[in-house]
Trainee: 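Please find one structure pasted underneath; my questions will follow.
Here is the naming used below: chain letters follow the sequence lines, and residue numbers restart at 1 for every chain. No hydrogens, no waters, no symmetry mates; every other heavy atom, side chains included, goes into these values.
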Protein chains: 2
Amino acid sequence: MTPLKHIAESTVRRLSAYLRFLEDFEAQGHQTISSGELAAQGGTTSAQVRKDLSFFGSFGKRGLGYSVHALATSLRTILGLGREWRVIIVGAGKIGAALAQYRGFRERGFTVVGVYDVDATRLGRALDGNVVRDQTELEDDIHRLKPEMALLAVPAEAAQPLVDRLAKAGIRAILNFAPTPLVAPANVTVRSVNMALELEILSYALVNEKE
Amino acid sequence: MTPLKHIAESTVRRLSAYLRFLEDFEAQGHQTISSGELAAQGGTTSAQVRKDLSFFGSFGKRGLGYSVHALATSLRTILGLGREWRVIIVGAGKIGAALAQYRGFRERGFTVVGVYDVDATRLGRALDGNVVRDQTELEDDIHRLKPEMALLAVPAEAAQPLVDRLAKAGIRAILNFAPTPLVAPANVTVRSVNMALELEILSYALVNEKE
DNA sequence: AAGTGTGAATGCGTTCACAGCA
DNA sequence: TGCTGTGAACGCATTCACACTT
């Protein structure tokens, strides 16, 4: 079940999508599913589904398809979702606060264990189960609560120094919402979500394509 | 300046990144820049920068580099950012409200001209310049205000019907935050931002890669 | 000398096509 | 027969290498 080689991000994305659909499908009482049915969902092809899975092993039965339950379990193991992940949120502005209260994270096994800010006027504010704490507590709290991931929702200028601090304190995965490129040590994975950039890609599409 | 063929999304993403940096660089008073300097910023290569630009024309001077100002202007034209885009936000929950107040959009030329929800308790709430309106007003408002884009920040079940309504009302670009796959007519571009999925990719990275 | 612009080579993800098993 | 699993073919994005320009 462990891949021999590096797996493309596009493959990991699709595996997540398959898992989501398998969970729905299982809730509907289905026992078995074919690569074609799985593909139709996410707008891909049956060959793509089989290839994606083949990197990790053989999960199906020829002529029959896949056990919905067993495949979902395997995908959870592959993706590391058989457990709870603890995340902290750095930055309690509009975006940070919205993320702290986002239901979708808990539903997928991500628990927010701390929210931090520099701004004194934001400290103490309750966001679901968390109270906004001062960012000076970051290092102590990371050692105490041992979160695995951090969400960065701070202004662009503040992002890089925080990445350095988080990396030093032992965080190994960061999801960045600040619109700026970041560098991190090799053992820290940083992903960025840039919402204005997504709109710019839509802008390009409106101006250039599909006419 | 118009591309002969289809341009890869990865190229468009990088063009946006180049433009951001060029604007900073220009603000610092620089007149000229080389592909290598531009590349160092976004963590790419000088060859990549030159190739990306080459799809749209020749913007540099051999032996010299690019005029910062002229290249920024060209990129804005290519990306369709020489203008203001009007966007509406559908869904005024935590995420929708945060998006409605996000500074980064206005800074990049995206103006929120309307915010909508179904929930009566949210109607009338002021979010920066906008008041949350009832979703039944959507069609009338689209015809009146002529927004080009919509941000969808509603629960997964509500997303697809809204895509259908928005498409029918004339919206041709949608940025979706609901964690569900969507289908739309060919003349409507839909992009999705799925925050739980981003965390799942980080989960995969922690469990599998970089050890 | 410095740095662009671009055809050619490479590498990689997707699609194809079919052998193999239930 | 039906559908999986996978090597081979394909197509596309990235990288290379160098001719060309200032």
Side-chain angles (χ1 to χ4, degrees), chain A residues 1-18 22 25 30-72 74-75 78 201 204 209, chain B residues 1-18 21-22 25 30-72 74-75 78 201 204 208-209:
Chain A
M1 201 170 290
T2 306
L4 309 81
K5 236 197 69 73
H6 171 82
I7 297 298
E9 181 186 313
S10 49
T11 295
V12 179
R13 295 188 96 84
R14 285 190 298 267
L15 293 178
S16 285
Y18 303 156
L22 285 170
F25 209 58
H30 293 89
Q31 305 277 335
T32 201
I33 191 170
S34 70
S35 57
E37 291 173 282
L38 212 31
Q41 246 308 295
T44 180
T45 67
S46 62
Q48 181 75 77
V49 171
R50 296 197 303 277
K51 180 63 86 176
D52 286 340
L53 297 176
S54 76
F55 296 130
F56 298 90
S58 296
F59 304 100
K61 283 199 172 51
R62 291 169 195 241
L64 240 166
Y66 303 86
S67 151
V68 175
H69 180 78
L71 184 56
S74 298
L75 286 178
I78 291 167
I201 297 173
Y204 176 84
E209 254 142 345
Chain B
M1 202 170 288
T2 305
L4 308 80
K5 237 198 67 73
H6 172 83
I7 296 298
E9 182 187 312
S10 49
T11 295
V12 179
R13 295 188 96 83
R14 285 190 300 267
L15 294 178
S16 285
Y18 304 155
F21 182 60
L22 285 170
F25 210 58
H30 293 89
Q31 305 276 334
T32 201
I33 192 169
S34 71
S35 58
E37 292 172 281
L38 213 31
Q41 248 307 295
T44 180
T45 66
S46 62
Q48 181 76 79
V49 170
R50 295 198 302 278
K51 181 63 87 177
D52 286 339
L53 297 176
S54 76
F55 296 129
F56 298 91
S58 297
F59 305 100
K61 282 197 174 51
R62 293 170 195 237
L64 240 166
Y66 303 86
S67 152
V68 175
H69 180 77
L71 185 55
S74 298
L75 286 178
I78 291 167
I201 296 173
Y204 175 84
N208 294 281
E209 255 142 347

Trainee: Check the side chains of B:Ser34 and B:Glu37 for a donor-acceptor pair under 3.5 angstrom, ignoring hydrogens and angles.
Mentor: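 Present: a donor and an acceptor within the cut-off.
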Trainee: How close or far is atom C1' of D:dT4 from atom CZ of A:Phe56, stated in whole angstroms?
Mentor: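 Computing the A:Phe56:CZ to D:dT4:C1' distance gives 18 Å.
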Trainee: Does some side-chain heavy atom of A:Tyr66 sit less than 4.5 Å from a side-chain heavy atom of A:Arg50?
Mentor: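 Yes, close enough: below the 4.5 Å cut-off.
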Trainee: Can you tell me how far apart OG1 (A:Thr32) and NE2 (A:His69) are? Round to the nearest 0.5 Å.
Mentor: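 Reported value, rounded in 0.5 Å steps: 13.0 Å.
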Trainee: Between which nucleotides of DNA chain C, 5' to 3', does chain A make heavy-atom contacts below 4.0 Å?
Mentor: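 The protein-touched segment is C:dG13 to C:dA22.
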Trainee: Using whole Å, what does the distance between atom C1' of nucleotide D:dC3 and atom CG of A:Leu38 come to?
Mentor: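 Rounded to whole Å, this separation is 13 Å.
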Trainee: Going through the checks in order, is the side-chain contact (heavy atoms from CB on, under 4.5 Å) test met by B:Val68 and B:Gln31?
Mentor: CA-CA 5 Å; B:Val68 175; B:Gln31 305 276 334; 5.8 Å; no
Trainee: Between atom CG in B:Leu53 and atom P in D:dT14, what is the gap in whole Å?
Mentor: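 After rounding, the gap between these two atoms is 13 Å.
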Trainee: Indicate yes or no for a side-chain donor-acceptor contact from A:Ser74 to the backbone of A:Ala70 under 3.5 Å, with no hydrogens or angles considered.
Mentor: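 Looks like yes, one N/O pair under 3.5 Å.
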Trainee: Under 3.5 Å, side chain of B:Asn208 to main-chain N/O of A:Ile78, donor-acceptor pair present?
Mentor: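 Here the side-chain-to-backbone pair exists.
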Trainee: Once the angle between the rings of B:His30 and B:Phe25 is folded into 0 to 90°, is it parallel (under 30°), tilted (30 to 60°) or perpendicular (over 60°)?
Mentor: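 If you compare the ring of B:His30 with that of B:Phe25, the planes turn out parallel.
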Trainee: Rounded to the nearest 0.5 Å, how far apart are OG1 of B:Thr44 and CZ of B:Arg14?
Mentor: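 It is 5.5 Å, given to the nearest 0.5 Å.
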Trainee: I want to confirm an ordering. Mapping A:Ser10 and B:Gly65 to their closest nucleotides on DNA chain C, which one lands closer to the 5' end?
Mentor: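 Nearest nucleotide further toward 5': that of B:Gly65.
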Trainee: Quick one: what's the B/S/- string for nucleotides 15-22 of chain D, heavy-atom cutoff under 4.0 Å, read 5' to 3'?
Mentor: BBB-BBBB
Trainee: To the nearest Å, give me how far apart NZ (B:Lys5) and P (D:dC12) are.
Mentor: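 About 6 Å, once rounded to whole Å.
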